[in-house]
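So the structure is just underneath, and the comments pick up after that.
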Amino acid sequence: MNGTRGQARGKRKASNSPEEPRSAKRPVNGKHSPEDESPDVEEIEYDDETSDSPMLYAGLPGSPGEWQDTIQNVVRNVVAIRFCQTCSFDTDTALTSEATGFVVDAQRGYILTNRHVVGAGPFWGHCVFDNHEEVDCYPVYRDPVHDFGILRYDPKALKYMQVDGLELCPDQAKVGAEIRVVGNDAGEKLSILSGVISRLDRNAPEYGEGYSDFNTCYYQANAAASGGSSGSPVVSKDGSAVALQAGGRSDGASTDYFLPLDRPLRALQCIQQGKPVTRGDIQCHFLLKPFDECRRLGLSPKWEAAMRQAFPDETNMLVAEIVLPMGPSDKKIEEGDVLIKVNDELITQFIRLDDIMDSSVGKTVKILLQRGGEDVEVDIEVGDLHKITPDRFVTVAGASFHNLSYQQARLYAVPVQGVFVCESAGSFRFDGGDHGWIIQTVDHKKVPDLDSFIEVMKGIPDRARVVITYKHLRDLHTLNTTIIYIDRHWSAKMKMAIRNDETGLWDFSDLSDPLPPVVPQRRTASFIELDHMPDPKIAELIKSFVHISCTMPIKLDGFPKNRRWGMGLVIDAEKGLVLISRAIVPYDLCDITVTIADSIFVEGKVVFLHPLQNYTVVQYDPSLVDAPVKSARLSSIPLKQGAETYFLGYNRIGRVVHSKTNVTEVTAVAIPANSGAPRYRAINVDAITIDSPLGSTCNSGVLVAPDGTVQALWLSYLGERSHCSQRDEEYYLGMGTPSLLPVIEAIQKGDTPKLRILSVEFRAIPMSQASVMGVSDDWIKKVTEANRSHHQLFMVSKRAFERVNQPVSLLEGDIILTLNGKICTTISDFDIMYSNDVLEALIIRDCEVMQLEIQTVSADDIETDHAVSFCGAVFHRPHQAVRQQISKLHSEVYVSSRIRGSPAYQYGVAPTNFITHVNGQPTPDLKSFIEETRKIPDNTYFRLKAVTFDSVPWVITMKKNDHYFPTMEWIKDANEPCGWRRVSYEGNMVFEGEAVDGVPTVTEDADME
């Protein structure tokens, strides 16, 4: 990890091995989806697993009796901390985890733990004592730099256990001292690890690009602690805490790093006395370096002799490593300067330097340095560390922002200024990285700090498009410029969150309502011309191409993305109708932007979603477009294998490419189902493949006849998740236009197509397999005569679970011979289902010919039209993809997705679960689910009975959190401008149209499953 950070800022720490906080994330239970796999240990993560294993002793030298009384006293004061960092903030991402802490003031209820546990942002958690009493805890202090924080619990809430608190004795830390680390190690309830302090002068470990401590020394020992031990007390034989467990090696070496308790003790005393914890800094990062290296940097023999005489046990001096531009030390201290004196006092230790800085906030200190053998004396004003540590953030347009922190500035050696994007989502979802963006300008106005950013955003109307310039902390040489679409309707309120150290919560307040959208005006544009086309009619097709961008504020139907784009085909220029892949526009709770001729932006809306054939029809207002848009002519003649055609498509960078090609195959599409996260996929439709390599590089396009008639759409088909790469597979295939025509004709007449479907999935089988399954030679002969190019029949491979009760007709394994008297040898022969309530079928079942009357079902009720967000999870009716894969529905309350850092994530409410009961009450549908969850008081436990996708029942106990994760309904409503109505709940209050305070940002894929 040091190499990563060193490369980012051009410097490197004096360490040759990776280091990490002592915690390692694991699933809460075995019912999580594949997305819960642990990332690399190089990320700052924490243990997510506990057990009721007995107390473990590891490597205790000597007689255990020597420590027994001490350990018994310490154990009573050690707690397991289970917590959520509810949203991304500063260096921390949203997460749920577990760590350790210990009571340091039983009378007031103060617990000491690590800063990387408390986090810089919103924290929600509780502590569990050794007797399994659980008490809520809240942060009262997190240090801006050093890796410690203080939590508070209510001592009166602890009823069955006597807690005395551990005394903090930093002076007892000595080289050779025998110590014990008592904490929640590797997910165990309690482990006791032994060690011996081997070093007191180690520089603070670097943890990569997240939070790291600095400007302090660390102790080193060989206790071999691991995941979950963050915040454990390091105790001496008399039971005093001498250090705080913080980090260690991640490469198998049994080396641990402990934080000295001098600063935690001072902070605790200030809090106990009701005083502010003053923290001073001059924005200069020092390192401990040995005398030989200091001599190479220019330390004179005179000062070396003075230091060795004053501090005979010291072997290091403090050397400036990073001086932040525009800070108090800028142009006064230079990198490589050796610190000699502060206020005429010789200094070799961080502890004394901290003492001076913390007591000199707002004052000037006199510093003597050695630079290349010369004495340099400077006066520097000591700044307030708390003022350069963000304690507020603003949420707007789906993203969150705060002032750049000292932590991030020090990491990249930049000034402590600028607007930092702590949650890059919504309108501010930038490409090329999720974390580390600094906003430079918005709408051509500079935004040097958060206040100026807020004022600029207040003046931008909803649905506006504005120019944003921004940089990334890892590449400050590059100024990025982009145009973003401002969404102030799905998350209309601009909200400010401010840390409240009295309550331990973050207080939310509304800043402004959005300005209404500017009335769109008619605009003029012209299309590009395609060169080297075989026929002008094919070249004219460019006037039927439009760019479609779709963004989704919440994830429904198991869809894995928040935004998609592709090429749409205009099928009716007068009405503004466009065809697009359903892998681009999967449902209608979304914002759609149609770009015409690369010049005109117009809003679009979904008018039709095909239940099986993987396309969506979008409509825009053609009165806003002054451009020669043409309606594409669609062929009614199916493409055949081997036919010559012309391919036009959009490649991965949005450019039109084209080439002559041939159809290689026309066969029933066979997109594998995704059992880990069922999502929409095309079934019962023919797929076309071509021999041009362009087909595999374009997610959208068309196949065109020489006269310019569109013979097929080239669409993106979303498939299963790859087990190797954990990425969602996409397939690029063609779909013939003849099957589109009935639907398009109905839409053009102003009607909503009323489709009927067979709730089964078909699979093609060859004649050899058909004969074994009972198809007679006479029928085989009829099949070969009916279709000379494809000798095949279709078998029912899967039935979908129906919402309505109907007699069982088709079963898995049935072979379809005819429908309404016509032999079915191609998948398009089944298209008659779309317009018939009843079909007369001749089938083979168990080697016998049977005649059935098959009732089709309406496709009107298939799409999701109601969703509920509760405790950070999104629930809705099981969508069609679920019903296509499952044989039994356990309830109509299905978990579609969840947010990291939420109660749902912490307690294991996993996607693909069904919720059947809340506190013992049945919840067969969303209405009953909302009624029961509204009865639950905030911050109290309740029970959920769930059933996994594999029909395994289990019970979840979970704590409600209305402050950060209020309950919200999304209801489809054609009368609303966005097509959906929002209802939010807070206690007994109901809010129509807008979310209550504390609604979390809906993030992109990394933060939501």
* To do: Measure the CG-CD distance between Asn215 and Gln283 for me, rounded to the nearest 0.5 Å.
  => 11.5 Å
* Any donor-acceptor N or O pair under 3.5 Å, side chains Thr93, His435 -> no
* Structure fact -> Across all chains, not counting sequence neighbours, the side-chain hydrogen bond (donor to acceptor under 3.5 Å, both in side chains) partners of Tyr406 are Asp281
* Taking NZ, NE, NH1 and NH2 as the nitrogens, is one of them in Asp501 or Arg499 under 4.0 Å from a carboxylate oxygen of the other? -> yes
* Asked: Using a distance-only test with no angle check, is there a side-chain donor-acceptor pair under 3.5 angstrom linking Gln272 and Asp105?
  -> yes
* Closest approach of Ala267 and Tyr141, non-hydrogen atoms and distance? -> CB-CE2, 4.0 Å
* Cation-pi geometry met for Arg202 and Tyr257 (6.0 Å, 45°) -> yes
* Are any non-hydrogen side-chain atoms of Phe129 and Tyr153 less than 4.5 angstrom apart? -> yes
* Asked: Do Ser232 and Phe102 touch side chain to side chain, with heavy atoms closer than 4.5 Å?
  -> no
* Asked: Looking only at heavy atoms, which two atoms of Ala173 and Val242 are closest? And how far apart?
  -> CB-O, 4.1 Å
* Nearest heavy atoms of Asp201 and Cys217, plus distance in Å -> CA-CB, 4.4 Å
* Asked: Which atom pair, heavy atoms only, marks the closest approach of Arg180 to Ser194?
  -> NH1-CB, 3.4 Å
* Taking side chain as C-beta onward, heavy atoms only, is Tyr219 less than 4.5 Å from Arg199? -> no
* Asked: Side chains of Gln172 and Ser236: donor-acceptor distance under 3.5 Å anywhere?
  -> yes
* Distance (rounded to the nearest 0.5 Å) between Asp147 CG and Ser230 OG -> 7.5 Å
* Asked: So, do Arg76 and Asp164 sit near enough that their side-chain heavy atoms are less than 4.5 Å apart?
  -> yes
* To do: Give the intermediate values and the outcome of side-chain hydrogen bond (donor to acceptor under 3.5 Å, both in side chains) for residues Ser405 and Asp90.
  => CA-CA 7 Å; Ser405 71; Asp90 197 9; 2.5 Å; yes
* Between Glu345 and Ile356, is any pair of side-chain heavy atoms under 4.5 Å apart? -> yes
* Is any side-chain heavy atom of His126 closer than 4.5 Å to a side-chain heavy atom of Phe83? -> no
* side-chain hydrogen bond (donor to acceptor under 3.5 Å, both in side chains) between Asp507 and Asn500, intermediate numbers included -> CA-CA 7 Å; Asp507 298 329; Asn500 186 333; 2.9 Å; yes
* Asked: Got Val78 and Pro233 here, is their nearest side-chain heavy-atom distance under 4.5 Å?
  -> yes
* To do: Under the side chain to side chain contact (heavy atoms under 4.5 Å, CB included) rule, collect the residues that match up with Ala497, sequence neighbours excluded.
  => Phe393, Trp506, Phe508
* Donor + acceptor pair across side chains of Arg900, Thr86 (<3.5 Å) -> no
* Asked: Got Leu287 and His285 here, is their nearest side-chain heavy-atom distance under 4.5 Å?
  -> yes
* Between His146 and Asp354, does any side-chain donor sit less than 3.5 Å from a side-chain acceptor? -> yes
